[in-house]
There are 2 protein chains.
Amino acid sequence: MADLDSVDRQLVDLLQRQGQTSYSDLAKAVGLAVSSVTERVRKLSERGVLLGVHGQAAPEALGLDLLAFVFVSWSDPAVADAFLTRIGAEPAVQEAHHVTGQWNYLLKVRVTTTRMLEAFLTNVIKGVPGIERTETLIVLSSAKETTYLPVVAPAWYG
Amino acid sequence: MADLDSVDRQLVDLLQRQGQTSYSDLAKAVGLAVSSVTERVRKLSERGVLLGVHGQAAPEALGLDLLAFVFVSWSDPAVADAFLTRIGAEPAVQEAHHVTGQWNYLLKVRVTTTRMLEAFLTNVIKGVPGIERTETLIVLSSAKETTYLPVVAPAWYG
DNA sequence: ACTGAAATCTATTACGG
DNA sequence: CCGTAATAGATTTCAGT
């Protein structure tokens, strides 16, 4: 964990919210000169605190109306490599997490329709030899979906 | 679903990967004039295809070393409102999805430690009257984690 | 580390074609 | 959709504090 002072945290906060905020706006917000802010942001990137800036697109605008979480399991440990290579190359898979519990992996998957979800499960997941079980949860609605990371501790955690 | 031609899709693709790509670079990439690209990007924002641009921060750099998925259930339908208001205000909760299956909601939660996760479950989740059950899956590692949305159909989906 | 100012580059707007 | 031009604003660099 990098140690970040309060100015650094403010910058990370602001840039997470508005990735294209100008250096002059950042400077005003944190009360430093533009050149100081430039160097801090550069160092935050260098240190790996800031990883990049990304445009956010609307899934529905791209026809991606179906979000699903897919649990996947196998028993042969050799399956892991092939599985990760396969899903790593698959843009429909946004996330793949190794999780505790009865399943090996949890995937976050975006597709257009249930028909495409079926094709994903058949052609991609079951296309990996050794995959034994899957369980799919369909997302009916997303009340919250953000990539923002808190930069300060919450009130409920002393 | 907005209908996007191939240039629009290219722009959405590029901006998702590199949110601060200059208009002149975008213009080179898609083979149009800068002024054309400017207007296309403006329209994509207007139409709600592009929703914004966000800096991406490294969770570990902010001390957020623990990622968890928390399933939550209640039986009284009146609980939903209070629950969503509470977790909407909570930066530790990155996502909240209404899902099919035996649970009402699936949360994606980022905290620093197991102690903080315990505080979250005790003070935030169980602090909402009517919440009956929770189940927490700890993420051991994330093989993939992206917000990129595919702009073209995959090979396995004809 | 932060400052301020100069030089360079980029975004934006508007126009005629 | 193109190309240009003009303005304003942003980025980068650097000598100085």
Side-chain angles (χ1 to χ4, degrees), chain A residues 1-58 61-63 146-153, chain B residues 1-64 147-153:
Chain A
M1 168 180 175
D3 54 87
L4 307 172
D5 67 13
S6 109
V7 171
D8 286 333
R9 285 175 193 278
Q10 260 186 284
L11 292 173
V12 172
D13 177 84
L14 291 163
L15 289 172
Q16 282 190 100
R17 297 180 195 275
Q18 273 287 352
Q20 84 283 53
T21 310
S22 70
Y23 287 121
S24 61
D25 281 354
L26 290 175
K28 274 176 222 157
V30 303
L32 289 183
V34 170
S35 51
S36 305
V37 168
T38 312
E39 189 156 336
R40 274 176 182 263
V41 171
R42 192 183 56 72
K43 280 181 185 168
L44 287 169
S45 296
E46 250 179 30
R47 287 198 277 165
V49 178
L50 292 175
L51 299 172
V53 7
H54 303 282
Q56 182 195 359
L62 297 169
T146 177
T147 58
Y148 177 85
L149 302 177
V151 297
V152 289
Chain B
M1 170 179 175
D3 52 87
L4 308 171
D5 67 13
S6 108
V7 171
D8 286 334
R9 285 176 193 277
Q10 260 187 285
L11 292 172
V12 172
D13 177 86
L14 291 162
L15 290 172
Q16 282 190 98
R17 298 180 195 274
Q18 273 286 353
Q20 83 284 52
T21 309
S22 71
Y23 286 119
S24 61
D25 282 354
L26 291 175
K28 273 175 224 158
V30 303
L32 289 183
V34 170
S35 52
S36 306
V37 168
T38 312
E39 187 155 337
R40 273 177 183 263
V41 171
R42 193 183 54 73
K43 280 182 185 167
L44 286 169
S45 296
E46 249 180 32
R47 287 198 279 164
V49 179
L50 292 174
L51 299 171
V53 7
H54 303 282
Q56 182 195 359
E60 313 75 27
L62 297 168
L64 299 166
T147 58
Y148 176 84
L149 302 177
V151 297
V152 288

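Naming convention: chains lettered A, B, ... in sequence-line order (proteins, then strands); numbering from 1 in each chain.
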Looking at CD of A:E39 and CG of A:L44, how far apart are the two atoms once the value is rounded to the nearest 0.5 Å? 11.0 Å
Going 5' to 3' along nucleotides 6-15 of chain C, which nucleotides have protein heavy atoms under 4.0 Å from the base (write B), which only from the sugar-phosphate (write S), and which from neither (write -)? ----SSS---
Return the set of residues passing side-chain contact (heavy atoms from CB on, under 4.5 Å) with A:S45 (not counting sequence neighbours), or none when no residue passes. A:L50
Any heavy-atom pair between the side chains of B:D8 and B:V49 that's under 4.5 Å? no
Heavy-atom contact window of chain B on DNA chain D, given 5' to 3' at under 4.0 Å: D:dC1 to D:dG3
Close side-chain approach of B:R9 and B:D13, heavy atoms under 4.5 Å: no
Compare all side-chain heavy atoms of B:L26 with those of B:L11 and state whether any distance is below 4.5 angstrom. yes
Side-chain contact, heavy-atom cut-off 4.5 Å: B:Q56 with B:T147? no
Got A:L4 and A:R47 here, is their nearest side-chain heavy-atom distance under 4.5 Å? yes
